[in-house]
Amino acid sequence: SRLAAQGAASVAFWATATLDIGDKWQEFATQNGVTPEFTDNGNDLGPVIARLAAGNANDLFDIGGFQGGAEKELARQGVIIPWDVAKIPNYESLWQWAKDIPYLKYDGKQYGIPAVVNADSIIYRPDKLGKIDSYGAIFDPKLKGRVAMEDAWINSAIFTAMYLKESENQPIADPGNLSESELGLVMEFLIKHKSDGQFRTFWNGWEQGVQLVADQEVDAMTGWEPIVYEGRKRGLQVEYAAPVEGYEGWGNNMVLLKGAGDRGVSDTAHTFVNGLLGGFYGCELGQARGYLVPTDNNVVYAKAHPEEYKPDDVEKLGEHVKAKFAGKIYWQNARPDNFQLYEEWWQKLRNA
Amino acid sequence: MAISIQIDRVSRDYGPVKALDDVTLDIRAGEFFTLLGSSGCGKSSLLKLIGGFDRPTSGRVAFDGKDVGDLPANKRPVNTVFQSLALFPHMSVAQNVGYGLRLKGLWGVALEIRINDALDLVELSGFGPRDVNLLSGGQRQRVALARALVMEPGILLLDEPLTGLDERLRQQMRDEFGRLHKRTGATFILVTHNQDEALSLSDRMAVMHRGRIEQVDAPARFFEAPANAFVARFIGIDTLLRPQSIVAAGGHAEVTVAGQTLPARVEGPTDPAASVIAIRPDRLFLARAGTLPALMLTVVGTTFRGLHRDLKLAFADGQTLVIAIEADADIGPFSIGQQVAVGLKPDAAVLISSAGLPPAG
Amino acid sequence: MAISIQIDRVSRDYGPVKALDDVTLDIRAGEFFTLLGSSGCGKSSLLKLIGGFDRPTSGRVAFDGKDVGDLPANKRPVNTVFQSLALFPHMSVAQNVGYGLRLKGLWGVALEIRINDALDLVELSGFGPRDVNLLSGGQRQRVALARALVMEPGILLLDEPLTGLDERLRQQMRDEFGRLHKRTGATFILVTHNQDEALSLSDRMAVMHRGRIEQVDAPARFFEAPANAFVARFIGIDTLLRPQSIVAAGGHAEVTVAGQTLPARVEGPTDPAASVIAIRPDRLFLARAGTLPALMLTVVGTTFRGLHRDLKLAFADGQTLVIAIEADADIGPFSIGQQVAVGLKPDAAVLISSAGLPPAG
Amino acid sequence: MMTHEGLANRILLWAITIAGLIIIYAPPLYLLAVSFNPALQPGLPRLSDLSLTWYAALPKERALIGALQQSLIIATVTAVLATGMSLLAALAYFELRARRTSWFLTVILPMFVPGVIQGLALSAVFTRSGIKASSLTVIAGHLLWAMPFAFIVILTSFAAVRRSYLVAAADLGATRWHQFVDITLPLIRPGLISAFLFSFLLSLNEFTRAFYLAGRQNTLPVVLFGKMNSGASPVIYAMSGAIFMASVACVALIAIRSLWTGTGQRSPR
Amino acid sequence: MTGSRLPISSALMTPPLLAILAFGLAPLTIVVVWSFWNWDPSTYWIKPDLSLAGYAAILEVGRWTVIVSTLVKAFATALLCLLIAYPTAYAVHFLAGRRLSILLLALITIPFFTSYLIRSFSWRLVLGRTGVLNTWLQDWGIIHAPLDWLLFSNFAVVVGLLASYLPFATFPLLLSMRRVDPTFLAAAQDLGAGFWKGLTSILLPLTMPGIFAGFLFVFVMVVGSSTEVQMLGGAGASIVSVMINDVMRVANYPLAFAISTIVLVVIFGLVLIGNRLFGLASLFEDQSP
Ligand SMILES: Nc1ncnc2c1ncn2[C@@H]1O[C@H](COP(=O)(O)OP(=O)(O)OP(=O)(O)O)[C@@H](O)[C@H]1O
Ligand SMILES: Nc1ncnc2c1ncn2[C@@H]1O[C@H](COP(=O)(O)OP(=O)(O)OP(=O)(O)O)[C@@H](O)[C@H]1O
Ligand SMILES: NCCCCNCCCN
Ligand SMILES: [Mg+2]
Ligand SMILES: [Mg+2]
């Protein structure tokens with residue numbers, strides 16, 4: 001509200017802190033006529049869903065922005081409502097593979113709009129490991145105690161499954177949606193390595209991830225690319241692998257909360273999301289963190305405002321991500337069909 | 001503002017312990033009343049009931065005839081010097097002393113003057129700002145005293161207020177009590193183990209024993225006619241002789257002890273099994289042998305007591321009596337085993353109930 | 001196991017308060033030593049230094065000549081009855097009493113027997129399982145006493161151990177102290193305000209005043225030759241007369257008070273400005289007028305004291321003396337204003353230093 | 001009265017005390033040093049490198065500052081309410097006789113409910129009763145979390161209030177109210193201060209309950225958590241450095257004040 | 001003493017009781033009720049069918065071991081905190097002079113104004129392979145290669161927990177020591193007790209309320225903690241709150257609530273047993289005459 005530009009409508013935007021552009025929302029509001037009131041949702045999908053399903057989120061917020069995968073569940077419970085893409089002109093500018101992210105739609109309706117996408121693999125130190133091009137490094141006994149994975153099955157199970165599928169020819173159909181037996185295979189594999197002391201730790205969160213590499217706690221770990229950018233900013237020699245097994249694709253999607261409809265701010269919400277895809281936001285986010293809004297509007301906007309953004313850089317970032325998606329991609333999925341089993345296995349892994 | 005107090009068949013049980021056992025007592029308005037009694041006999045328990053800090057298990061407490069069972073302590077016209085002192089640890093000496101007056105609405109210079117007067121009274125002038133936790137035992141005692149005295153209440157309860165004070169200060173405080181009593185006309189109830197205090201101040205006093213009142217009387221009566229052996233011994237009549245036989249007639253009796261006969265006033269049963277002969281030490285004198293009535297006794301010991309000596313003398317059957325003689329009286333020295341004659345002034349011996357005498361003898 | 005104690009130029013300051021001021025004192029091995037002194041004069045402070053609960057600001061404490069400055073309390077052969085009692089609130093009576101013995105390794109029946117004996121001694125048989133917090137004042141006092149006595153240490157420090165006990169119990173405890181002292185041969189240091197206690201028990205005693213020791217002597221000497229007016233008054237020689245003039249010769253003097261002359265033994269300065277005449281009350285007697293040496297005085301008041309009466313008599317210049325007469329002596333009654341003759345036995349008057357007399361007179 | 005611990009024991013006691021201080025100071029002091037390091041990578045700065053770069057950037061961190069304000073307000077209100085309520089609960093505890101134990105257990109029960117669950121469940125209750133989330137709902141959650149702590153702390157401090165003091169006050173004419181204000185309150189003051197401090201710190205640091213119960217304005221821990229997990233700049237170290245120094249200042253001020261004014265009463269006896 | 005007690009105690013009880021009922025009992029009811037409901041995969045939501053599935057699931061995949069290990073961790077940390085806090089409180093109260101004790105109190109308080117999140121994170125920088133401690137130890141020649149177990153280990157977790165919750169033990173201990181008349185200790189010494197004996201036989205029993213409170217505080221805080229374990233524990237390190245978060249992530253509310261209920265019942269049960277055995281609730285009662 002402090003940021004409210006004159007006459008601009010306001011929406012309550014409840015999202016991962018990564019999506020916040022702080023002071024720049026003012027400019028956003030001037031351009032789009034909508035001011036978001038930004039609230040950090042903590043980046044852990046569990047509590048976010050819980051607050052939507054059982055708590056107060058719908059009383060408070062209009063738009064949610066968090067990792068995709070749970071749209072189906074939230075839609076079934078009726079806590080989110082579908083977007084009308086007709087009211088989001090910029091939707092069309094989204095790259096096709098972003099529109100094709102498997103779980104954006106439920107029951108034929110559009111529940112998620114991908115605002116940020118990327119594809120993740122391995123962060124590693126070439127000074128110690130040379131060039132790495134496989135997740136096998138993570139499970140390489142020679143690196144015992146010098147590797148880490150993320151403290152969440154949502155990422156770690158899929159990476160392992162990709163490795164087993166692609167490099168060890170294990171019978172796994174979709175690493176992002178494992179059957180009961182596939183899951184057993186994957187998790188037993190993880191459990192074995194964990195028991196062998198392969199992993200230094202399971203990490204959690206951005207800053208801790210950065211520190212793990214920076215402080216030489218690990219030489220390689222599965223993780224997010226912006227950590228590499230950050231590491232380089234801090235003078236580290238870090239690389240992001242292009243593994244033969246492919247990348248884990250993910251989307252940070254916008255969902256429209258039921259409360260927005262009830263309060264009659266649904267149209268404003270559409271305007272807001274349209275704004276996110278309009279170019280300015282993509283330029284800002286790319287500059288701030290290396291995140292990508294999957295549309296060409298970024299480059300268009302940068303070219304129109306060369307004094308503020310370097311069009312070349314914006315284009316390069318776009319091409320870089322696009323290139324990743326041109327190869328093998330398995331989509332991260334917050335709600336695989338057997339997700340209750342994932343959790344059980346995860347406990348087994350913890351307690352192993 | 002004199003107030004009378006009626007204690008009516010009051011008992012107070014602490015579980016199996018009967019701290020007060022069916023006590024009935026009337027204290028007159030404006031009276032100076034003293035409670036004596038051995039440790040644990042229920043004196044403090046009685047004061048607590050009067051002060052309103054405790055409720056009787058049964059019975060009734062009334063002021064001027066009005067039941068005060070439901071009157072809380074802070075509404076009673078009573079102030080107390082507690083045996084445990086109960087000084088407020090977070091207040092200075094002056095704050096402790098001034099607390100009650102402040103509650104009464106006093107403040108400023110008037111309050112200060114009253115506090116200082118009270119402190120002067122207990123010889124603690126200049127101690128006002130001191131931390132009460134860092135005082136000597138006697139100093140704490142005096143703060144507690146000042147805190148109650150300064151209130152000048154209708155009823156003042158003093159639970160051993162002068163223990164821990166030296167003789168000079170005690171004397172002075174005692175005089176102060178007398179003056180205060182006269183000036184305020186309040187009803188005073190004093191618990192003390194010091195007979196001088198009791199005797200010189202009290203209009204009447206009570207001797208308690210095991211939660212019961214053994215005797216209530218004017219001080220002099222306790223010496224003239226102690227209710228029983230317990231009371232006699234308690235007030236310092238240490239010589240209690242068991243009579244062999246008694247020949248009584250009209251308030252007087254001839255009693256025989258270990259073969260020797262002496263005259264006694266009768267104030268109790270005349271049955272040798274139920275009575276003892278109380279001998280007042282102040283009515284004994286060393287007599288020339290042959291004087292009558294006199295007892296012939298054997299010296300068994302002497303003790304130096306400063307301004308006098310105690311001479312312990314034995315009858316033939318081993319019963320003893322003690323006689324005080326001036327430290328440098330012309331008589332003596334006495335050697336153990338020596339025979340001396342002891343003369344008895346009138347009323348030296350009183351025949352009283354043997355109740356309360358420990359079975360051991 | 002007798003131990004001697006040397007207090008060597010000891011001071012203890014509490015901020016501006018000098019609780020002990022350059023005290024030097026030798027207590028002999030096995031001695032029964034008593035500390036007397038007004039409230040706040042430093043008695044407890046001195047005991048704390050001996051017990052090891054405090055350190056002197058300056059000076060040295062030694063046992064048998066060996067400095068004990070660094071010896072902690074638990075290693076000292078000392079036990080104490082604290083003035084504040086310091087009963088352990090989470091222990092029963094028996095646990096309190098048995099605490100020290102248990103630390104010595106005693107247990108089982110042997111321990112129980114010792115505890116019960118100690119409780120018997122203080123007349124608390126059967127109180128073993130009771131909660132110490134729910135006892136009467138005197139009962140608590142006795143638990144503290146039993147807790148220290150049961151240890152039978154080389155040095156026993158008793159800080160007003162008998163306050164709050166009735167006369168009979170005091171007497172009994174006093175006798176117990178005597179027996180214990182004889183039996184264990186320990187060094188006893190007793191703080192008391194009760195002269196009877198001090199006089200009947202002590203080998204020597206000290207009178208303290210404002211952190212200093214005024215006199216250390218055998219008990220009788222305090223009456224024969226009090227060091228000064230403070231000591232005299234403190235031990236009960238209340239009659240201190242200011243001399244008009246003094247004619248001294250060889251240890252004796254003729255002193256004049258309000259025009260009347262009386263003989264006095266010289267134990268202090270013979271300068272009228274620096275001395276007072278202490279009159280021992282036990283050496284005064286009512287004389288027939290005309291007897292010599294005798295003083296003619298005016299009756300100004302009488303007080304009943306139970307077994308005797310106090311007669312207050314005035315000189316022409318208003319100075320007073322008090323004479324005790326038996327309650328029912330043949331003489332009297334006395335009316336205020338009446339003239340009486342007072343006879344003086346030998347050594348009734350002693351000329352001593354006037355130090356310690358309050359300026360008010 | 002002096003107790004004699006012996007040199008070895010004294011050394012031991014002080015050593016443990018100092019070890020404890022080192023343990024609790026290692027993290028904040030390290031971070032304080034880090035906050036003056038202009039490098040992006042947190043680490044101990046060289047003396048020559050010391051800089052206020054991150055502090056200078058602090059005022060621009062609107063989200064952090066807003067959250068800090070929110071947290072301070074919530075913590076203060078929580079502390080006031082928790083202390084007050086716990087005082088009432090403690091007074092009730094001493095008034096009650098037979099049902100004392102049940103009351104005690106009732107009051108401390110909420111502290112055993114895990115934070116996530118309490119937060120979610122309370123948020124569900126509020127939502128179902130139509131109460132909109134705001135700083136008030138956060139306070140409600142924090143209050144219940146802090147109250148058992150404050151209650152026990154205050155109960156502990158009640159040991160200083162002997163019954164005989166109250167009796168003596170009543171004897172001098174004090175009504176129950178005056179007994180409370182003049183005797184009880186000053187004697188339990190250390191407990192009230194501790195209870196306030198405890199509640200304040202519990203609320204200030206509480207994450208889970210705040211997350212579930214907050215309105216649109218998050219509290220500091222929630223925002224910090226978000227920042228840590230999404231690419232924070234060292235400004236967050238400057239933030240905690242500033243909070244650290246501010247608390248040093250506040251606590252020092254209070255300590256100095258109590259040094260000046262405090263009566264050093266120790267052992268009421 | 002005087003008057004009737006009931007009205008006053010009810011008046012005093014009303015505000016806290018209302019708060020407890022409204023903010024405590026109502027949610028607690030939800031927790032317990034939901035723990036007996038059923039998770040429905042078709043709606044991803046719970047169904048009001050009575051089911052013990054939540055409780056049954058606790059027995060599977062080692063979940064109950066997490067509960068046990070949490071209790072052990074909480075117990076150990078609480079004990080360690082007492083072991084450090086007790087001497088600290090003793091030093092502050094009995095050894096330090098007035099000024100020093102105020103200073104120490106201030107020192108004990110200050111760190112806790114900094115977010116425990118940040119503090120825990122900072123331990124990673126202190127204890128890590130290239131952290132301050134390893135660097136110093138190597139510089140001083142005490143070790144020649146960095147110690148791996150300093151971080152991402154139970155050691156690190158316990159250090160982190162200690163640092164996070166130490167004052168929660170120190171303050172109640174201090175408060176309870178304040179009430180102990182030093183003459184009691186002097187009397188114990190007088191009767192022959194050395195420092196340790198006096199400590200165990202006099203001071204410890206008299207400070208039992210503080211010990212209980214300090215222990216309970218740390219215990220409860222540890223049971224509710226997750227950050228320290230996540231940031232400082234080894235791979236997959238768990239604790240009840242982490243497990244509950246895991247379960248919440250898959251929206252298995254009946255299970256999450258069943259775990260909570262069990263934790264609640266276990267701790268509360270321990271307190272009840274403690275109350276039976278040691279009269280915990282009466283620790284705070286006034287025993288003075
Ligand atoms: N801890 C302390 N701090 C400050 N002053 C103290 C302390 N202890 C004692 N004093 C002061 O030192 C003086 C001597 O005290 P001490 O307790 O030795 O007196 P005492 O002779 O035992 O008196 P009493 O007969 O009243 O017990 C007193 O004025 C007292 O107020
Ligand atoms: N609160 C209590 N609980 C249990 N017993 C008690 C309580 N208060 C007193 N008593 C017992 O009641 C009896 C009388 O106690 P009280 O305090 O009235 O004695 P007292 O005459 O004042 O004795 P003292 O001269 O020793 O002070 C004692 O045996 C005591 O142990
Ligand atoms: N701020 C974090 C953005 C969310 C990124 N999470 C993606 C994890 C996929 N491996
Ligand atoms: Mg009593
Ligand atoms: Mg003393």
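The chains referred to below are lettered A, B, ... by the order of the sequence lines, with proteins before strands, and numbering in each begins at 1.
Two residues are said to be in side-chain contact when any heavy atoms from C-beta on lie closer than 4.5 Å; Asn205(D) and Phe113(E) fail this criterion. Counting heavy atoms from C-beta on, the side chains of Pro16(E) and Trp103(D) come closer than 4.5 Å. Ser260(E) has its side chain out of reach of Val113(D): every pair of non-hydrogen atoms, C-beta onward, lies at least 4.5 Å apart. Contact check for Tyr25(D) versus Ile110(E): side-chain heavy atoms found under the 4.5 Å cut-off.
Interface residue Val132(E): only side-chain heavy atoms are found under 4.5 Å from chain D. Heavy-atom distances place both the backbone and the side chain of Ile108(E) under 4.5 Å from chain D. Heavy-atom distances place both the backbone and the side chain of Tyr116(E) under 4.5 Å from chain D. Using a 4.5 Å cut-off between heavy atoms, Leu166(E) contacts chain D through its side chain alone, with no backbone atom that close. Proximity to chain D (any heavy atom under 4.5 Å) is restricted, for Leu83(E), to the backbone atoms N, CA, C and O. For Val223(E), no part lies near chain D; criterion is any non-hydrogen pair under 4.5 Å. Of the atoms belonging to Ala187(E), not a single heavy atom falls under 4.5 Å from chain D.
Taking CG of Leu31(D) as the start and CZ of Arg119(E) as the end, the distance is 10.0 Å to the nearest 0.5 Å.
Outside the 6.0 Å centre-distance limit, the rings of Phe158(D) and Phe284(E) are not counted as a close aromatic pair.
Under the rule for a salt bridge (charged side-chain N to carboxylate O under 4.0 Å, His left out), the partners of Arg209(D) that lie at least two apart in sequence or sit in another chain are Glu206(D). With sequence neighbours excluded, the residues forming a salt bridge (charged side-chain N to carboxylate O under 4.0 Å, His left out) with Arg10(D) are Glu5(D), listed by chain and number.
Ring planes of Phe168(E) and Phe149(D): perpendicular class, angle over 60° (limits at 30 and 60°).
The most heavy-atom pairs under 4.5 Å with chain E, out of Ala246(D), Ala140(D), Pro110(D), Ala255(D), come from Ala140(D).
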